Structure formats: structure tokens, C-alpha cells
Amino acid sequence: MAQNLSNDVDPLYYLHNFNQLMETISTLHLDLLRPQDLKFLEHYRQLETDAQQLYVRLICRRANFFRLDKLTYPEIGSLDNATDLLSEHELLKMNPNLTAIDISNLLTAKELKAALQIKGSPTKSALTDTLISELGDTAVEHSVWQRFIPVPVLFPHYRDSLERFRLIYFGNLYQDLSQFVVSDLGIMQFENYPLDQNTRAFNRTEDVDRYLLFDQINQQLEDAVLPNDEQLKILLCPMYNQRLELKRNRLIKAVGQQLERNKNLSAAAELYASASLPPNRERHVRTLFNQQLFEQALDHCHQLAEQPLSADEEMFCKSFTPRILRKLGGPVVRRPTEQFNSEQLVLDDDGQRVELQVITHYRALGYDGIWCENELFNTLFGLLFWQQIFAPLEGAFSHPYQQAPLDFNSPAFSQRRHRLFQNRLQQLHKVNLLEEIAGQYSEHLGIANPFINWKRCDPAHISLLCQRIPQHKLLMIMEKICFDPQAYRSGFPDLFLWHSASDDYLLVEVKGPGDQLQNSQKRWLRLFDSFGIQYQISWVTRPT
DNA sequence: CAGGATGAAG
DNA sequence: TTCACACGTTCCG
DNA sequence: GAACGTGTGTCTCTTCATCCTGTT
Ligand SMILES: [Mn+2]
Ligand SMILES: [Mn+2]
């Protein structure tokens, strides 16, 4: 993993990276493969380099079908030889059946217009519609589409096997082989945590299948297609694997939301009831309430109050329980609205973002400042707790391209590292924070961390923050993030302002017209009150 | 012909 | 694979 | 005016080529 931007990049980098992936899969993950995946490996291995190169080039691209005349791979010796070999091994089909949409995707608007012999200047989607009306929705044979595309078309097989390999290797579907080259070029750098071959993202072939099924349901949902009965039945089964259970919960949240949109509250409630991670229990209570099932809603709301799993759940049952009781004949309880340090600002709209307008306003008062939102405190956290975040716990790392441990998104993340965070916090009370930050910064600069965006990070601002806010108060903030990062990594005020002529600082949450405090923001402001941290909400209005 | 969207490439 | 926000609707004192 | 739901723009590594579309 070279960190220098060297000029001599391996010209066959894509092939060698692909082969490395195949090697890892066939040495470590054979037990997770289906018969057809093994068949692919078998055939791929026997190919000459030319054919391997072409297959990898095509399968790494997004499209399913490729026009032979559009392929320009000067590093491949003979395209014809390659296509012949791939066809022989059934890794590629020449001139497959194509639908009207496939044909349209293979032609430019100009070509399509000429092929349809249409005059004027229709849009491409109009041309596609014409083609669909001519050919229907089903795929047609070569002899039929040949008059539109007079060149050979290639269709590489085993795309689903390659997707499975990616999932098994990375543990997710959003990373792909480009990670290898981007990492080799030093464009993305990853922490150098120890890896052992026994730690794998998946250990059971059923888990891989289930992940792929969840992903498929997710994609259907993007087109507002609800899961069928069989899929729903599977969705109701809790998963032992923590990451899968998290994925299942997220999916249930999305499916439930769609069911609510369709006014199918009882189905939504049944789904929510099967999932216990936030915010599904809250949605369960709400859907019961909306079905007028107030006793049940109250019952589940009490369960929630007994063991809230997130700061949001805690806040929810406090405000929602009285509302249910009211429906059951209870008294009207008026909760006093929370009061925070606030000011009203009347500012002319100069077209800039309102946050910048408030900075300008404070400049006139002797302050300088930045619009940083969560960035400053998260970066500070990422730097100070680097070793704890990347602690080599069992099962945390399965491949070299992780920006966070595998359990990062689960509630178990902070629980499993509780002792580590505690010790680190104690230690940080006794050190010079500025020196500590400078050390961590230079040691880890550029390496991916879930709390840090290096592109935007300005160490001068981090230092300034640490000079202005007393160390023990900063560490109180860090402590909250340590023990519930999910809830406390967001909601910080928009602005960090510092007074030029004194040591004063101010954290400002800007609220333009129509904007309201979010729960995460209220949480922090409440804590700032109790910690004694200087903050202000600036409610901006426009002159009438 | 400019500007945006998309995707391939390293 | 996130977070913050704008905007619209509904509810309620 | 709260509370709530929903849609959107921002982010993914950067650069370059190609295609599409809508404006002159
Ligand atoms: Mn903000
Ligand atoms: Mn704001």
C-alpha cells in the first residue's frame, strides 16, 4: 500500500486487484459460496490473460451490455480472441436477447433517431417510448435488434457471483474494487489495524443470503414496491448476527414508513413490534396511538420508558406518555416550554446563508468565527480517542479498507469499549490537550476516521477551541460522545465564535425564519446549561 | 454551444 | 451510507 | 405556535470524456 503518488502505477492494476480478490475468496471463504460461484472461479482460472482482462474490465463497469465497437482497451492483445475464449467458458454471451430499454441504452439519441427514421428533434426518452411501443416489453432476439444495432453486443455473465464476492470480502455492498487502487494511490488511507484470517464479515452462507435479500428489498422500496408476503415473513425473523439485525431494523423502519404512508397502520405496527432498535419501538407506539389503541400504546410506552435504548427514546416517552393518558381521560398536562439562552436578531437578507449573516453580525461586535456545526467537536473526539475507536477488539476488523470497526453503528460499539473510553478520559484530564491534539493530528493526518473529514479539518480551529473552552468542560462533552456516539455526535451549534480582544468564546445556534430546534440540538443546549458552556440561540427575523 | 449528469479510469 | 434544513399539514390550547 | 412527516441537498477520491438538453 504505497502512500506516495508514484508515477509507475501497475498498468494491469485492475486485473491484479481482481485476482487478489479471487485469491482471498477461494482461500478463506469457499464455505460461503454457492455452486455457481465455484463454477465461475473454475472457469475464470483457466482463462488466458487477454480474456481475463476483458472480463474484468466489463464486469467492473455498471452496464450489463456492451457494444464491441465502443470498447477501447489498448492493453488487451486481441479482443476477438478474448471474446471467443469468454464465450467458450460461458463467461460471456455474444448478442444476447435485448429489451427496448437495453437497445436504447446502447445507442445515442442520434443513432436511435436514425434507426427509427424519425424526423424533428424528439428527446431520447420519447424515442425510447417509440421503440418500446414497436418492440414491446420483452427481450427480442439478435435477428430483431440487429437492424437497430448493426454491431456485436457483449453480455458478461456471473454479475451476481461478483456481487456476492464483494459482499463477502468487504462486508457491505457500497465498497468495490476501486478501493484497492484508490488506496494504492494514497488517495484514501486506512488505519493499519491488525487483521487475522479468522475474523470475517460473514461466517454463515445463510447470513450472506439474508444480507443480499435485505438489500434487494431495500432496492424495491426505492421504487415504492412493498415486500411480498414471503419477504415480510422473513423480515419478521430476528437475526442473531448483530450487523444483520441492525440492517433488518433499518429495513423495517423503511418498510413501516411506507406502510404508514399507505395508511396500513396495523401492518406497520406488526412490523415495528418485531424490531427493538431505535426508532422502531417509538414508531410502534405511535402507530398504535394512531389506530386509537391507547391502552396498548401506553403499555408499550411504559416498556420504552423503563429501558430507553437511545436519548431520543428517552425524550419521546417523556413527552408522549401524557398525550396517551390524556386520551384515556387523564388531565391536561402542560409542559413548560424549555428556555434556552436566546436573542432576537433582525438582519437584512443579503442572499448569503443565514449562518454567515450572523457571523457578519458578530464581526461588528469584535468576534471572529466559523460555521462548523458538528465538525469541530467530532474531529476533536476522533483525534483524542483514535486508539480506542480503532482498538483491535475481536471481530472488529475483517479487511484493510475499513474506516471504522464493524460494530461501529451498533449500540454495542460504546459498550464494548466502555473501559477503554473511561481510562482514556481519566488520562486526558492529566495531559496538555493542545500537545495531545497536535501529536494525534500529525500521527494520523489523512487516515479515514468516522468522526473526521480531513478535507475540511483546520487544526488551528481545533486548537482555538481547546484554548477557549476549559479542558474539564471539553472532556465532559467528549464523555457524552464516548458513551452514546450515535446520539451525541450531532446537534452541536452552527457557529464557534471567539472574541478577539479577550478569551471569550460563544457557541451559536442560528435559527432562520421557520427553523426550529431539533431534539439533538436541545439535548446539547441542555447539557451546555449544566456544564456552564457559553452558548446562544440567535433567532433571525427579517425587517418588515 | 454551454452546462449538467453520468460513468470510466487510475 | 448522514445530517441538517425547508416546507407543509395537523393538532390543540 | 408546537409537533410531526416528508422531501432535498450535501456528502462519498479526483479528473476527464461523453452524452443529453435547453438556450442562443
Ligand atoms: Mn445548522
Ligand atoms: Mn441552525
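Because the structure is predicted, anything quoted here is derived from the model rather than measured. Chain letters run A, B, ... following the sequence lines, proteins first, then strands; residues in each count from 1.
- Both cation-pi conditions hold for A:Arg243 and A:Phe202: the charged atom is under 6.0 angstrom from the six-membered ring centre and inside a 45 degree cone around its axis.
- Rounded to a whole angstrom, the distance from the P atom of B:dT6 to that of D:dT8 is 15 Å.
- The base-pairing partner of C:dT2, taking Watson-Crick or G-U wobble contacts with both distances under 3.5 Å, does not exist among the strands shown.
- Between A:Arg159 and A:Glu163 there is no salt bridge, since none of the side-chain N atoms of the basic residue sits less than 4.0 Å from a carboxylate O of the acidic one.
- With D:dT6, D:dC11, D:dC19 as the choices, the nucleotide that has an atom nearest any side-chain atom of A:Arg261 turns out to be D:dT6.
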I need a per-nucleotide contact map over nucleotides 3-12 of chain C, read 5' to 3'. Cutoff is protein heavy atoms under 4.0 Å; write B for the base, S for backbone only, - otherwise.
SSSS-----S
Between protein and nucleotides 4-10 of chain B, map the contacts as a letter string: B base, S sugar-phosphate only, - none, heavy atoms under 4.0 Å, written 5' to 3'.
---SSSB
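- From A:Gln516, atom CD reaches atom NZ of A:Lys511 across 7.5 Å, with rounding to the nearest 0.5 Å.
- With sequence neighbours left out, the ring-ring contact (aromatic ring centres under 6.0 Å, His included) criterion links A:Phe381 to A:Phe385, A:Phe451.
- Near DNA chain D, meaning a heavy atom under 4.0 Å from it, residues 121-131 of chain A has A:Thr123, A:Lys124 in order of number.
- At least one test fails for A:Lys522 against the ring of A:Phe340: distance under 6.0 Å to the centre or angle within 45° of the axis.
- Per the geometry, NZ belonging to A:Lys247 stands 5 Å off P belonging to C:dT1, to the nearest Å.
- Contact between the side-chain N/O atoms of A:Arg250 and the OP1/OP2 oxygens of C:dT2 is found at a separation under 4.0 Å.
- Partners of A:Leu298 under the side chain to side chain contact (heavy atoms under 4.5 Å, CB included) rule, at least two apart in sequence or in another chain, are A:His302, A:Thr321, A:Ile324, A:Leu325, A:Leu328.
- Between A:Tyr169 and A:Tyr401, the two ring planes are tilted [angle within 30° to 60°].
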Distance-only donor-acceptor pairs under 3.5 Å for side chains of residues 480-492 of chain A, two or more places apart:
from: A:Asp484; atom 1: OD1; to: A:Ala487; atom 2: N; distance (Å): 3.3
from: A:Arg489; atom 1: NH2; to: A:Pro450; atom 2: O; distance (Å): 2.8

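- Atom CG in A:Leu406 sits about 12 Å away from atom P in C:dT1, given to the nearest Å.
- Ring to ring, A:Trp454 and A:Tyr441 are close: their centroids are under 6.0 angstrom apart.
- Comparing D:dC19, D:dC11, C:dT2 by their closest approach to the side chain of A:Thr108 singles out D:dC19.
- Proximity of the aromatic rings of A:Phe496 and A:His461 is defined here by a centroid distance below 6.0 angstrom, and this criterion is not met.
- Residue A:Ile101 qualifies as open at atom CD1: its count of foreign heavy atoms under 6.0 Å is 12 or below.
- Going from atom CE of A:Met315 over to atom P of D:dA2 covers 16 Å, rounded to whole Å.
- When rounded to the nearest whole Å, the span between CG of A:Leu106 and P of D:dC19 equals 13 Å.
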